[in-house]
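Beneath this line is the structure, given in structure tokens, with notes to follow.
Here is the naming used below: chain letters follow the sequence lines, and residue numbers restart at 1 for every chain.
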There are 2 protein chains.
Amino acid sequence: MVKRVSLGDAACPVARSLDGIGDWWSLLIVRDAFDGVSRFGEFQKSLGISKGILASRLHGLVALGVLAMTPAADGSAWQDYVLTPKGEALFPVIVALRQWGEAFCYRPGEPHSALVERSGGKPLAPLVVRSAGGKALRARDTVVRKLSC
Amino acid sequence: MVKRVSLGDAACPVARSLDGIGDWWSLLIVRDAFDGVSRFGEFQKSLGISKGILASRLHGLVALGVLAMTPAADGSAWQDYVLTPKGEALFPVIVALRQWGEAFCYRPGEPHSALVERSGGKPLAPLVVRSAGGKALRARDTVVRKLSC
DNA sequence: CCAGTCCAGTTCTATTTTAGAACCAGACGG
DNA sequence: CCGTCTGGTTCTAAAATAGAACTGGACTGG
């Protein structure tokens, strides 16, 4: 491989995001964190991931500022991994992936988990990309402008 | 590795999405496709990816139904890779990653590309997760319900 | 306070995936 | 036809991964 290509200095925000969280496990760890998982052993059981990879991913996400290690929570002397504001901001990413998976990755009638409103249990509205004025936009209504600030 | 863990049969839509498009390159290929890239050589030049990986990723995305191969477009005898409706539906995922990257992966004032409205050039509104009734929701206002249909 | 067990890793090795270069075949252009 | 461009496939070395073994500190029961 010589060296896995680094996108960390790319001008495209999509590339830079994926450089940090675009690997096989990071977004699943973040999804579990949204679900309330916070302990090393819980992540490992939930994901079926090997401990070595989990440790390196957790430390990577902490270094990136997506997760933070906080002492205790239930009083024990161990660590909790909790979402930072930067990690919380990934919520739309997770929801977008979830809605796409629900719509396209299951056969009709095949059971799957669903994200619902906590009070009431009703499903969420589909994510919609909107203009600054609030108008719904399709992909072809948008264009990438290079190198703005 | 024995065998890379397969998430293709997971009950969680996030896991299933990532099983298909969660690798290092697939989402960047899709991003370029949204940007109008359609030829093998264009993808290769834009991404700096090796041809072997690009070929396997393109074929994987075609097998998944995200891209389709269509003959010609400019009349030549080669193939175009274009987004299918399933691929077009990834637009909110790309936008979510882009907005997160813009917000958290650049130093203040550091230049980056931006996705803007085609007519007018104004930036997009931030993606917001909403309830079925249209109310904006934070992560903690939602909960995962297991195994619904 | 001591042995046994659980939690949270680190280290090790075999296997898989990846990157990149070299190679190849079919269009295309003169 | 003959060189060149496009779109790949094949090859090898390097990197990432899974899984098991190992470690060491924290709780638990007696």
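Side chain of A:W25, nearest nucleotide from C:dG9, D:dT17, C:dA19: D:dT17. Of the listed nucleotides (D:dT9, C:dC28, C:dT10), C:dT10 has the atom at the smallest distance from the side chain of A:A55. Here the side chain of B:R57 is nearest to one of C:dT18, D:dT17, C:dG26, namely C:dT18. In this structure, the nucleotide among C:dA19, D:dA18, D:dA26 sitting nearest to the side chain of A:S50 is D:dA18. Of the listed nucleotides (D:dG8, D:dT6, D:dC27), D:dT6 has the atom at the smallest distance from the side chain of B:R39. Across D:dG19, D:dA26, C:dT10, the shortest atom-to-atom separation from the side chain of A:K51 is found for C:dT10. Of the candidates D:dG8, D:dA18, C:dG9, D:dG8 carries the atom nearest the B:H59 side chain, counting heavy atoms from C-beta on.
Between the side chain of A:Q99 and the backbone N or O of A:L127, at least one donor-acceptor pair lies under 3.5 Å. Within the 3.5 Å criterion, the main-chain N or O of B:S38 finds a donor-acceptor partner in the side chain of B:E42. Judged by distance alone, the side chain of B:T84 and the main-chain N or O of B:A68 form no donor-acceptor pair under 3.5 Å.
When the P atom of C:dG9 is taken as reference, atom CG of A:D80 falls 11 Å away, rounded to whole Å. A:D23 has its CG atom 10 Å from the P atom of D:dA18, to the nearest Å. For the pair B:I53 CD1 and D:dA16 P, the computed distance is 14 Å after rounding to whole Å. Summarising the geometry, the separation between NZ on B:K45 and C1' on D:dG7 is reported as 15 Å, rounded to the nearest angstrom. Taking atom OH of A:Y81 as the reference point, atom P of C:dG9 lies 4 Å away to the nearest angstrom. Here the P atom of nucleotide D:dA16 and the CD1 atom of A:I49 are 15 Å apart, to the nearest Å. For the pair A:Q79 CD and C:dC6 P, the interatomic distance rounds to 22 Å; values are reported in whole Å. What separates CG of A:L54 from P of C:dT10 is a distance of 10 Å, to the nearest Å.
Position along DNA chain C of the nearest nucleotide to A:E42 versus B:G52 favours A:E42 as the more 5'-ward residue.
Residues B:K135 and B:D141 are not paired through a salt bridge, judged by the lack of any N-O separation under 4.0 Å between the basic side chain and the carboxylate.
No continuous path of hydrophobic side-chain contacts links A:V95 to B:V128 [ILVMFWY only; heavy atoms under 4.5 Å].
B:F43 comes within 4.0 angstrom of no nucleic acid atom, judged by non-hydrogen atoms across all strands.
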